[in-house]
Amino acid sequence: MIINFISMNGYGSFVWLSFGIVLISCLVLYLKTKKTLRKYEKEFIAEFETLSESNKKAVLEKSRIANQILATNSRAD
Amino acid sequence: MIKFLLPSNIYFFLGKIIKFINSIFFLILIIGLAFALVLSPPDYIQGDSVRIMYVHVPSAWIGLASFSLISLFSILNFVFKTKNLYLINKSIAPIGLLFTSLAVVTGSLWGQPTWGTWWAWDARLTSMIILIFFYVLFILSYKLIKKEDLAVKVSSFLAIIGSINLIIIKYSVEWWSTLHQPASLKLGNSSSIHSSMMLPLMIMLLVLLLYGALIFLMKYKTEIIKMKKKNVKRL
Amino acid sequence: MLTKKVKSRISFLVISIVLLITSVFFILNSLKENVLYFLTPTEAKFKEDLEIGKNIRIGGMVKKGSIYADSKEIKFTITDFKNEILVSFSGTVPNLFAEEKGVVAEGKLKDKNFFVADRILAKHDENYMPPGEKNFLDNNAK
């Protein structure tokens with residue numbers, strides 16, 4: 001039963017290889033995308049920290065996105 | 001409507017949608033794999049190699065759909081000059097490249113046991129390779145060209161030229177004799193795929209679409225942050 | 001509603017796309033011979049500049065009851081229901097090679113009706129169904 005499932009009447013290697021390739025390459029792209037996203041979030045915060053207090057306030061008041069990025073990142077840490 | 005499409009508004013929804021997809025993704029993935037690998041019957045001629053179709057066909061569809069969107073947005077961007085569309089295109093392109101390549105690789109793995117060859121230079125297979133070239137050129141155009149105005153122009157040009165290749169891919173199996181079989185699903189016609197095989201195909205399509213949406217949203221979020229970073233400097 | 005700039009961009013775009021499509025159409029038309037992956041027996045019969053002994057591909061259906069195999073070679077007829085070509089091949093055929101199924105043979109014509117193949121490829125049709133559901137096909141054909 002299990003051997004049958006793995007061998008798939010001789011087509012097993014082709015079937016498993018194609019599903020494997022799809023899953024692995026999708027996982028790699030996902031991890032890479034996530035890493036880039038985190039990197040830019042961190043860079044944004046670093047940039048933000050270099051500002052003076054009054055400028056920080058101005059950015060936060062003007063930009064809702066800046067607020068969001070800071071909020072999500074502090075949660076992740 | 002226009003206001004809703006502003007990056008600052010979209011950004012709030014991105015996080016929520018990403019979370020939602022993450023929460024349901026694995027459940028649907030497992031259901032899809034169970035149907036594709038175990039519960040669906042083997043084909044009457046191809047046997048179990050038909051299961052490759054459940055990743056091959058959705059990959060090919062998403063690869064084609066992604067480029068269609070990129071072409072459409074490039075045309076709109078050319079006419080209306082909305083920067084947002086350019087950001088969206090940059091976020092779609094990697095997904096399209098990944099899935100087009102996967103369609104070619106899985107198709108090759110299907111071709112060996114079914115046709116008796118890994119590869120044939122027929123019109124369908126060749127035009128899919130050309131689509132991969134267009135994706136690579138499109139991605140290189142904005143990775144390598146530092147001047148944004150020029151990058152937008154070059155990438156839009158590539159996308160619009162490439163849209164003609166899409167038409168060739170679609171009709172290649174009808175216009176010329178090819179080794180690749182004609183489409184099984186046609187608009188307005190009954191499908192030539194049995195319902196017990198249609199179900200896993202549709203679930204796997206949903207799985208890969210959700211995955212594509214997830215990658216798109218994360219990429220798009222990255223693009224918005226990049227843009228905002230430049231604005232912070234300017235303040 | 002649309003500004004003048006937008007209108008001029010649209011017309012530029014439409015004109016260039018029309019030009020592009022026409023040029024691609026002419027290119028493909030002139031390449032037609034090369035784009036064909038195989039010739040049907042009818043095409044092979046009426047093609048005048050077809051060289052005997054040059055490598056080509058012939059495709060069609062394996063005629064019902066036409067397969068003869070012995071230890072050295074396998075012989076069968078490729079048909080497109082108008083014309084047919086006898087094919088001889090020594091080697092292994094793909095699993096999906098069968099009567100009344102699509103096939104593509106690579107090799108050389110010996111004469112207009114006899115083809116010696118170096119390679120046989122099975123051409124699959126667009127139907128997918130579990131075993132024992134042949135009537136699904138018939139329903140579909142209507």
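Chain identifiers are assigned alphabetically (A, B, ...) following the order of the sequence lines, protein sequences preceding nucleic acid strands; residue numbering begins at 1 within each chain.
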Novice: When you compare the side chain of B:M53 with that of C:Y128, does any pair of heavy atoms fall below 4.5 Å?
Specialist: yes
Novice: Would you say CZ of C:F12 has more than 12 non-hydrogen atoms from neighbouring residues, nucleotides or ligands within 6.0 angstrom?
Specialist: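 At most 12 heavy atoms, drawn from other residues, nucleotides or ligands, come within 6.0 Å of this atom.
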Novice: Provide the closest heavy-atom pair for B:F78 versus C:R9 in the form atom of the first, atom of the second, distance.
Specialist: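 So the two residues come closest at O-CD, 2.9 Å.
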Novice: Quick check: do B:F80 and C:K5 have side-chain heavy atoms less than 4.5 Å from each other?
Specialist: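 A side-chain contact is absent here, since even the closest heavy-atom pair is not under 4.5 Å.
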Novice: Any donor and acceptor pair, going by atom type alone, linking the side chain of B:D43 with main-chain N or O of C:M129 inside 3.5 Å?
Specialist: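 Such a contact is found between B:D43 side chain and C:M129 backbone.
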Novice: Under 4.5 Å heavy-atom distance to chain C, tell me which part of B:I161 shows up: side chain, backbone, both or neither.
Specialist: both
Novice: Nearest heavy-atom pair of C:E126 and B:Q181: which atoms, and what distance?
Specialist: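 In this case the closest contact between C:E126 and B:Q181 is N-CB, 4.2 Å.
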Novice: Between B:V79 and chain C, with a heavy-atom cut-off of 4.5 Å, which part of the residue counts as in contact: side chain, backbone, both or neither?
Specialist: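 Both parts, backbone and side chain.
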Novice: Using non-hydrogen atoms and a 4.5 Å limit, figure out which bit of C:V6 sits close to chain B: side chain, backbone, both or neither.
Specialist: both
Novice: To the nearest 0.5 Å, how far apart are OG in B:S49 and CG in C:L96?
Specialist: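 Rounded to the nearest 0.5 Å, the OG-CG separation comes out at 7.0 Å.
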Novice: Would the number of heavy atoms belonging to other residues, nucleotides or ligands and lying under 6.0 Å from NZ of B:K81 be above 12?
Specialist: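 Check passes, neighbour count above 12.
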Novice: Kindly determine whether B:I160 and C:L13 satisfy side chain to side chain contact (heavy atoms under 4.5 Å, CB included), including the steps that lead there.
Specialist: CA-CA 9 Å; B:I160 294 168; C:L13 202 68; 3.9 Å; yes
Novice: Checking the side chain of B:S177 only, and the main-chain atoms of C:L36 only, is there a donor and an acceptor separated by less than 3.5 Å?
Specialist: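 Not a single qualifying donor-acceptor pair exists.
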Novice: Using a cut-off of under 4.5 Å on heavy-atom pairs, state which of C:L20, C:T92, C:I10 scores highest against chain B.
Specialist: C:L20
Novice: In terms of heavy-atom proximity below 4.5 Å to chain B, should C:I120 be classed as side chain, backbone, both, or neither?
Specialist: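 Answer is backbone: N, CA, C or O of C:I120 sit under 4.5 Å from chain B.
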Novice: Non-hydrogen atoms of chain B under 4.5 Å away: do they reach the side chain of C:F97, the backbone, both or neither?
Specialist: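 It is neither, since no heavy atom gets under 4.5 Å.
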Novice: Tell me, do C:P94 and B:W115 make a side-chain contact under 4.5 Å, heavy atoms counted?
Specialist: no
Novice: Please find the pair of heavy atoms, one from B:T178 and one from C:Y37, that lie closest to each other, and give the distance.
Specialist: CA-CB, 4.0 Å
Novice: Quick one: does any side-chain atom of C:K101 pair with a main-chain N or O of B:I45 as donor and acceptor, under 3.5 Å?
Specialist: no
Novice: For a quick test of reading the model, state the closest non-hydrogen atom pair linking C:H124 to B:T114 and the distance between them.
Specialist: CB-CG2, 4.4 Å
Novice: Using a 6.0 Å cut-off, check whether atom OH of B:Y171 has over 12 heavy atoms from anything other than its own residue.
Specialist: no
Novice: Between B:T117 and C:R119, does a side chain to side chain contact (heavy atoms under 4.5 Å, CB included) hold up when you go through it step by step?
Specialist: CA-CA 10 Å; B:T117 182; C:R119 195 152 77 129; 3.4 Å; yes
Novice: Under 4.5 Å from any heavy atom of chain B, what part of C:V35 do you find: side chain, backbone, both or neither?
Specialist: both
Novice: Can you see which heavy atom on C:N127 is nearest to which on B:S192, and at what distance?
Specialist: OD1-CB, 3.1 Å
Novice: Determine whether more than 12 heavy atoms belonging to other residues, nucleotides or ligands lie under 6.0 Å from atom CG of B:D149.
Specialist: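 It does not: B:D149 CG has 12 such atoms or fewer within range.
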